[in-house]
Structure formats: structure tokens, C-alpha cells
Amino acid sequence: MSAVLEQKTFSRRQVLIAGAGVAGGFVLGIPQLANATTDSDRMIGYFVEIRADGSVVIGSNQPEIGQGVRTALPMLIAEELDIDWSMVSVRQMPLGIIKTADGFTWKYGGQGVGGSTGLTSNWEYMRQVGATARAQLIKAAAARTGVAEAECSTRPGVVVCGSLQTAIPYGDLIADASALPLPEESPPLKDVADYRVIGSRVKSVDARDIVTGRAKYGVDTVQPDMRYAVIARAPVLNASVKSFDDTETRKVPGVVDVIKIEGPEPGAPYVILASGVAVIATSTWAAMKGRQLLAIDWYESPNATDSSERFWAENREMLKGDGQVVLDDGDFAQAIGDAETVVIRQYQVPFVSHAPLEPQNCYAYVQADECHIIAPTQMPSGASRAAAAVTGLPRENIRVDMTRVGGGFGRRLTNDYVAEAAMISMQTGWPIKLQWSREDDIKNDFYRPGGLHEMQAGLDGDGKVVAWAQRLASGSKYYRRPNMPDEDLFGAELYIDDFPRRIVDNIRMEYFHNAIGLPRGSWRAPAHTANAFVVQSFLDELAHETGADPLQLRLDLYGASREIEYGGHGGPTFNPGRLAKLISFVADKIGYGNTLPDGHGIGLASHFTFGGYAAHAIQVSVVDGKLTIERIVAAIDCGLAVHPNAVEAQLQGGTIDGISTALGLEITVLDGQVQQSNFHDYPLARIAAIPSLFESYIVPFDEQPTGVGEMGIPSAAPALTNAIFAASGVRIRALPIAAQLQI
């Protein structure tokens with residue numbers, strides 16, 4: 001369920017309106033109603049409201065999934081508006097779409113977070129909104145004092161006019177500014193040297209609410225007269241309900257209804273994940289108790305014999321043959337044939353679950369001609385599409401409100417749980433709050449694809465890499481997407497412009513698809529998490545084979561700072577020199593090259609992800625098969641760090657997520673059933689696994705920011721496994737690490 005909308009081209013005068021708000025403040029933004037005639041109708045969407053006391057309310061149009069966008073985007077407006085951050089409050093906006101003759105377009109600008117785009121896609125526009133509001137205040141002050149606009153400037157919260165040095169508070173200018181027409185062109189933006197808010201270490205706007213429990217997540221939703229629902233989903237992949245007996249279920253106090261839920265046909269695109277039976281009650285507990293008493297007979301599934309053992313065996317067999325060649329630069333066959341040394345290795349990356357702390361949930365109330373959705377979603381437009389798909393209602397009649405999200409990681413890019421809630425509400429007529437349990441969440445996920453990678457490299461007599469190949473057999477994330485040709489399935493698993501393309505002349509990439517029945521989806525940094533582990537592990541193996549230093553081998557390949565064409569997400573260019581700078585930085589910080597005690601080692605890794613760069617240096621000890629992470633040094637280059645506190649937090653969180661996943665996380669299948677169910681058998685890393693010696697650094701590069709939600713993950717796992725090899729001589733080629741050291 002895509003969040004793609006047709007974006008019409010509007011003039012500035014169509015996009016922004018200015019006027020007096022309901023409470024008398026100066027309001028700048030986008031009208032919710034195109035034909036608004038009264039102040040109460042002129043509700044502002046993507047907005048700034050300056051109030052009489054000088055305080056400012058800024059609307060945030062993006063879902064907040066913990067990446068800090070609810071603070072970072074308003075910081076852009078506050079900077080150009082020239083207002084103290086202490087005077088700012090932030091209001092969450094709902095989904096805003098407009099139906100036009102050409103389809104739907106955005107009302108408040110594009111809404112949705114994924115692929116680390118929340119900041120970059122709003123960087124210019126949000127600053128323009130702030131600058132426009134500031135220009136209106138200057139214009140009002142100039143008219144009042146009789147001073148030319150060019151002779152007026154601002155200090156935080158006030159306009160200062162000419163030699164009079166008259167400082168007029170913003171709050172005193174709101175009536176005058178509200179009556180002025182907007183300029184046709186955007187006013188100039190500040191120079192980075194003049195920034196006071198952008199790049200400063202401000203506190204996140206909702207940090208206190210989070211730590212005191214006042215923040216509202218989807219699970220906190222309570223609406224009048226709502227009922228609570230849970231679903232017993234098919235335990236076997238792609239099974240469907242044959243019949244069910246709800247006699248005992250209906251005896252549970254509070255249970256009010258039991259209904260069948262139809263899932264997709266095997267191989268068909270997903271609207272919801274699985275068939276099942278929904279239990280509706282006056283409390284979540286009653287619904288869960290009722291679910292335990294259901295007797296369900298399932299049709300046999302075509303995936304009833306799927307297993308992890310068979311999946312990996314099939315992948316190994318596939319790699320013995322020829323696959324789909326998706327990239328063939330230079331003359332790989334000739335170069336590998338002429339190479340002095342050829343190195344071939346295989347690496348296994350498992351399926352993993354998102355496991356957000358807040359399991360999936362959604363409030364839906366479907367009525368005859370409208371629908372209200374309240375959900376923790378990364379893609380509110382996708383929630384609108386999901387509700388429309390199952391209800392048949394026009395999307396303009398579907399209201400979507402976003403709560404704070406208790407963990408996204410790509411899971412909430414897909415709105416299957418919204419479709420489920422809407423289905424139940426439509427069938428019962430009640431407002432429904434659908435709640436998943438932890439077991440529901442881990443057993444019914446769009447898992448990160450698992451795959452077996454075969455790497456090949458040819459080196460000349462001087463140890464230079466002259467040929468490179470990556471061959472992958474995996475379950476593609478694109479499987480079961482609508483209108484997805486088989487020949488395009490590789491695109492979610494192999495990013496053909498990633499390093500070392502255009503650095504090594506002769507490169508081949510080859511893909512084999514394994515259509516296991518497990519659902520697959522985007523997992524934080526998608527294929528970068530797998531490919532970084534594979535590539536950065538292989539680089540270390542090449543260094544070991546040739547007697548080279550792992551750091552120097554990377555520096556020789558990365559080379560000097562330069563822009564290389566990059567057609568994938570995060571482009572249009574990639575600068576390997578930025579990776580060289582980062583990996584040298586973390587190596588220096590951790591003391592790479594120093595003599596360490598026996599059983600200790602340092603590993604390095606770096607990676608380019610969605611426009612940003614990160615590197616890790618990790619020191620470990622391995623004694624009698626026991627792994628201890630002694631120290632972590634992580635660095636990120638995200639261009640300009642708009643919200644440094646959030647950047648550091650994301651780097652730290654991504655590092656922990658990457659290490660946690662590498663240590664012990666894997667989804668396995670037996671007889672068509674997911675074997676893991678909760679944190680006892682899907683063990684996230686405990687606090688004790690992460691050392692107190694954990695340093696995180698922001699290494700600035702230029703004045704253009706990138707997103708940061710995914711950059712800190714990919715290089716963490718290979719830095720860890722490279723450190724394990726340096727400490728113990730044991731090469732980890734299959735994740736998770738688990739008990740591989742206990743030999």
C-alpha cells in the first residue's frame with residue numbers, strides 16, 4: 001500500500017495563506033478548506049501561528065517514530081523566523097490530502113517517514129515558511145515606523161527598525177502582519193554562519209512527556225463507545241479459515257461478537273497479512289480470553305512444508321547455477337580469469353522481525369459515508385489507502401490522525417493493521433480498537449528478507465582488486481507487490497550503485513529469487529543492513545588473504561574525496577572520500593594499530609546509506625568462547641546536523657539495534673510456521689551487552705543535511721564480527737552470531 005500521491009504544482013500564493021487565527025494570532029500556512037470564508041474555517045495546516053504573548057505554535061506534518069523529526073522540522077521554521085526555541089510549541093497535524101481533477105495531492109506537503117527522508121524532503125520548504133513569516137513581520141514594522149524594510153532586521157522575537165533602534169515584539173505586530181498580502185517570491189534564507197537554532201542542542205519538544213508517561217501512542221487511544229478486538233491469525237503461512245466454533249468464546253464475559261477475516265490468496269498482493277477470526281469485546285483482556293477458546297479448522301496451505309532448512313539448502317543450490325545478471329560493468333569474466341588471486345566467500349543473513357516495543361494497533365470507526373482512523377503509522381496516506389480498499393469509501397471521506405509511534409523501523413510503512421481494524425468496524429458497525437499482542441507481532445510481520453550472498457574478488461599481483469562480484473539468492477522484499485515483474489525483484493536486495501561500483505572497473509551482480517512464503521518488507525535501512533555486513537566482512541577477508549591492513553585496504557579503495565554518480569536512493573552522487581575520512585576518524589579514536597592483550601581485537605566498518613555516511617570501530621574480547629564488547633566508537637557524517645541531540649541518539653540507537661540483531665536475532669520457519677513468538681526466543685540485546693565505553697561523534701561535511709534514522713545500523717554488525725576475527729581468529733559468515741564462538 002503505497003503512500004505515493006500526485007503532487008500538483010502550486011504557486012506560492014496558492015500554497016501559503018496568511019491571516020488572523022481564531023485566537024487573533026498571525027497565522028501563516030495552508031488552508032484546510034480551499035473555500036474557507038470565516039476565521040473558524042481558515043484552519044491552518046502546515047503552519048506557523050504567532051500569538052500576542054510572542055509564543056509561536058508550529059505544525060508538524062510528519063509522523064514521529066522516534067527519529068526527532070517533530071523537533072527538527074519546527075527548528076527550521078524557528079531559525080528563519082528568528083524566535084527563541086523556548087517560545088515554540090509543536091502541534092501534530094493529521095493527514096492532509098486534496099482531491100483534484102487529476103487525482104489526489106498533498107494538502108500540507110508530503111507526509112510519511114521512511115528511507116530517512118523526513119528532514120531532507122522538507123529542508124527548503126520549512127525554512128521558506130519561517131522566512132516568509134519573518135518578512136511579513138518586518139514589513140508590518142516598517143509600515144508602522146515609516147522606516148524602509150531594508151533598514152529593518154530582527155533579533156529573537158522582535159523587529160528592530162533603522163537608526164531608531166525601535167524593538168517591536170512580534171506579538172505587537174500580529175494584527176498588522178495578518179492584513180498584509182504575501183510576497184510573490186520567497187525571501188532570502190539565512191547563511192549557515194548566522195544560525196542560532198539549527199545545529200544547536202535543543203531539547204526534543206516531547207522528551208518530558210515521554211519520560212513522564214504523558215506522551216500518547218496508538219495503544220493509548222480511547223474513544224466513546226469503542227469495542228476492543230483481537231484476531232486469531234492463521235498459524236501456517238498463507239492458510240485460510242475453513243470453519244470455526246466460537247461457542248466457548250461467546251461465553252466469556254465481555255465478548256460481543258466473533259467474525260471471520262478473509263486474507264489474501266497465496267501469492268496475491270497483501271492488504272492484510274493473514275486470514276483469521278476476530279473476537280470483539282468490551283475490553284482487550286476479554287477479547288484475548290475469548291480468542292484462546294476459539295476452535296478453528298484451517299484449510300491446508302501451499303506453504304505448509306516451508307522450512308528454514310529447505311530455504312537455505314535451496315539458496316546454496318541456486319548459487320551453483322546461473323542467475324539473473326543485473327549489473328555487468330567492464331569485462332568481469334576476463335578480469336577474474338586473469339587475476340593473480342581469486343577469493344570466494346559466502347555469507348548468510350537471516351530473516352528478522354521489526355519487534356517494535358508498541359505492537360500494531362489501530363482505532364477505526366467506519367460509518368455509512370465516512371471513516372475515522374487513529375493509528376501509529378509511518379505512512380498516513382497508506383492508512384488512507386488501506387481503509388479505502390476495504391471499505392469502498394472515497395479517500396476524501398477518510399480522516400487519518402497520527403499518534404506518536406512506539407517504534408517503526410519500517411514495519412509501519414505497511415498499514416495492514418489499519419485495514420484489519422476497518423474491516424472489523426465495517427462488519428460490526430462499532431468503533432473498533434484493534435490490538436495486537438507481542439506474539440501476534442513477531443509471528444505476523446513483514447520480515448527483513450533473508451539471503452545467501454556469494455562474494456568473488458580477483459586481485460592482481462600488487463593486491464589491487466580488479467574484479468568483483470556479488471551473487472545473491474534471497475526472498476525479495478518486492479515479492480507479492482502489485483504489478484511487480486519478476487525481473488525487477490532484485491531491486492530491493494541489490495543496490496547496483498553501492499560501493500565499489502565505479503571504483504572497481506569490472507563488476508558483476510547476479511540475483512536468484514527464492515519465493516518462500518514468509519512475508520517480507522522494509523526493515524530499518526533495508527538491504528543496506530545485509531549488504532554492509534557482507535561487503536565489509538569480505539573486505540576484511542581480502543586483507544587477511546593478501547596480508548594487507550584492513551584499514552589501509554579500505555582507504556586505498558575509497559580514495560580521495562570526489563563525487564561519483566549514484567542513481568539509487570540517497571543520490572545523485574556518492575563520495576567515497578567521506579567514508580575514508582570517517583573510518584580513519586573512528587580508527588584513530590579507538591587506537592587502531594595499538595598492541596592489545598591476547599584475546600582482544602578491533603574491527604572496522606563503514607557504509608553509505610540513503611545519502612549519509614557512518615563508520616564504526618569496535619573493540620572486543622573473546623575468552624573461552626565468551627564475547628565481551630569492550631568499547632564502541634561510532635561516527636556519522638550527515639552533512640549538516642540540524643538537531644545534534646537527535647543525530648547522536650539515532651547513531652547510538654542504530655548501533656545498538658545493529659549489534660542486538662547481529663548477536664542473536666533470527667526468524668525461522670518449520671512446517672510453514674514461524675518458530676519465534678516473544679522476547680524469550682527472539683532475544684533483543686540486554687543493557688549489559690553494550691559497554692559504557694560508547695562514543696558517538698558527528699563529523700560535519702557541508703551545509704546540506706541528510707536524514708539519520710538508518711545510517712547508524714549497517715556498519716555496526718560487520719565492525720563487530722571483524723573485531724571478533726581479530727580477537728579470536730573465528731570468522732563469522734552467518735548471522736546471528738549466537739553460539740558460534742562456543743566451540
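This one's a predicted model, so the numbers in the text were calculated from it and none came from an experiment.
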J.: Does a salt bridge link Arg250 with Glu248, judged by any charged N lying under 4.0 Å from a carboxylate O?
T.: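 Answer for the salt bridge query: no.
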J.: Tell me which pairs pass side-chain hydrogen bond (donor to acceptor under 3.5 Å, both in side chains) where either residue lies in residues 278-291, with sequence neighbours left out.
T.: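 side-chain hydrogen bond (donor to acceptor under 3.5 Å, both in side chains) check on residues 278-291 returns Arg291-Asp440.
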J.: Side chains of Tyr682 and Asn678, heavy atoms from C-beta outward: is any pair under 4.5 Å?
T.: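 Counting from C-beta outward, Tyr682 and Asn678 never come under 4.5 Å.
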J.: Would you mind reporting whether Phe244 and Val258 have side-chain heavy atoms less than 4.5 Å apart?
T.: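 Yes; the side chains approach each other to less than 4.5 Å.
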J.: Check salt bridge (charged side-chain N to carboxylate O under 4.0 Å, His left out) between Asp206 and all other residues, then give those that pass, not counting sequence neighbours.
T.: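 So Asp206 forms a salt bridge (charged side-chain N to carboxylate O under 4.0 Å, His left out) with Arg70, Arg404.
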J.: Output yes when a side-chain donor or acceptor of Gln348 lies under 3.5 Å from a complementary backbone atom of Leu452, and no otherwise.
T.: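 No; judged by distance alone, with no hydrogens or angles, the pair does not exist.
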J.: Inspect the contact between Arg438 and Glu358 and indicate whether a charged nitrogen and a carboxylate oxygen are less than 4.0 angstrom apart.
T.: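 No, this pair does not count.
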J.: Report yes if the side chains of Val674 and Tyr447 come closer than 4.5 Å at any heavy-atom pair, otherwise no.
T.: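 With C-beta onward as the side chain, the pair touches.
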J.: Ignoring hydrogens and geometry, is there a side-chain-to-backbone donor-acceptor pair from His569 to Gly115 under 3.5 Å?
T.: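 Looks like yes, one N/O pair under 3.5 Å.
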J.: Under 4.5 Å between any side-chain heavy atoms of Gln346 and His453, yes or no?
T.: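 Not touching, per the 4.5 Å side-chain cut-off.
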J.: Output, in order, the C-alpha distance, side-chain angles, deciding distance and verdict of salt bridge (Lys or Arg N to Asp or Glu O under 4.0 Å) for Glu314 and Arg316.
T.: CA-CA 5 Å; Glu314 288 173 350; Arg316 288 190 293 271; over 6 Å; no
J.: Trp312 vs Phe351 aromatic rings, parallel, tilted or perpendicular, using cut-offs 30° and 60°?
T.: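 Tilted, since the angle between the ring planes falls between 30° and 60°.
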J.: Parallel, tilted or perpendicular: which one describes the rings of Phe538 and Tyr347, with boundaries at 30° and 60°?
T.: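 Because their plane-to-plane angle is over 60°, the rings of Phe538 and Tyr347 count as perpendicular.
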J.: Report the C-alpha distance between Ile280 and Ile432 in whole Å, list the side-chain angles of each, state the deciding distance to 0.1 Å, and finish with yes or no for side-chain contact (heavy atoms from CB on, under 4.5 Å).
T.: CA-CA 8 Å; Ile280 303 96; Ile432 292 293; 3.9 Å; yes
J.: With side chains defined as the heavy atoms from C-beta onward, is the minimum distance between Glu370 and Ile398 less than 4.5 Å?
T.: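 Glu370 does not reach Ile398 side chain to side chain.
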J.: Classify the ring geometry between Tyr270 and Phe446 as parallel (under 30°), tilted (30 to 60°) or perpendicular (over 60°).
T.: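 Perpendicular: the ring planes of Tyr270 and Phe446 meet at over 60°.
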J.: Any donor-acceptor pair under 3.5 Å linking the side-chain atoms of Ser384 with those of Arg395?
T.: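 Judged by distance alone, the side chains do pair up.
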J.: With no hydrogens and no angle check, just 3.5 Å: does a side-chain donor-acceptor pair link Arg310 and Thr305?
T.: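 Yes, a side-chain donor-acceptor pair sits under 3.5 Å.
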J.: Check whether Asp369 reaches the backbone of Gln367 with its side chain - one donor and one acceptor, N or O, closer than 3.5 Å.
T.: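 Not at all, since once roles are kept as given, no pair shorter than 3.5 Å links the two residues.
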J.: Can you find a heavy atom in the side chain of Thr403 that is under 4.5 Å from one in the side chain of Asp220?
T.: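 No, every pair of side-chain atoms sits at 4.5 Å or beyond.
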J.: With sequence neighbours excluded, give me every ring-ring contact (aromatic ring centres under 6.0 Å, His included) pair touching residues 406-437.
T.: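 Not a single pair qualifies under ring-ring contact (aromatic ring centres under 6.0 Å, His included).
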J.: Can a side-chain donor-acceptor contact be found between Thr668 and Gln676 if the only test is distance below 3.5 angstrom?
T.: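 Side chains of Gln676 and Thr668: pair found under 3.5 Å.
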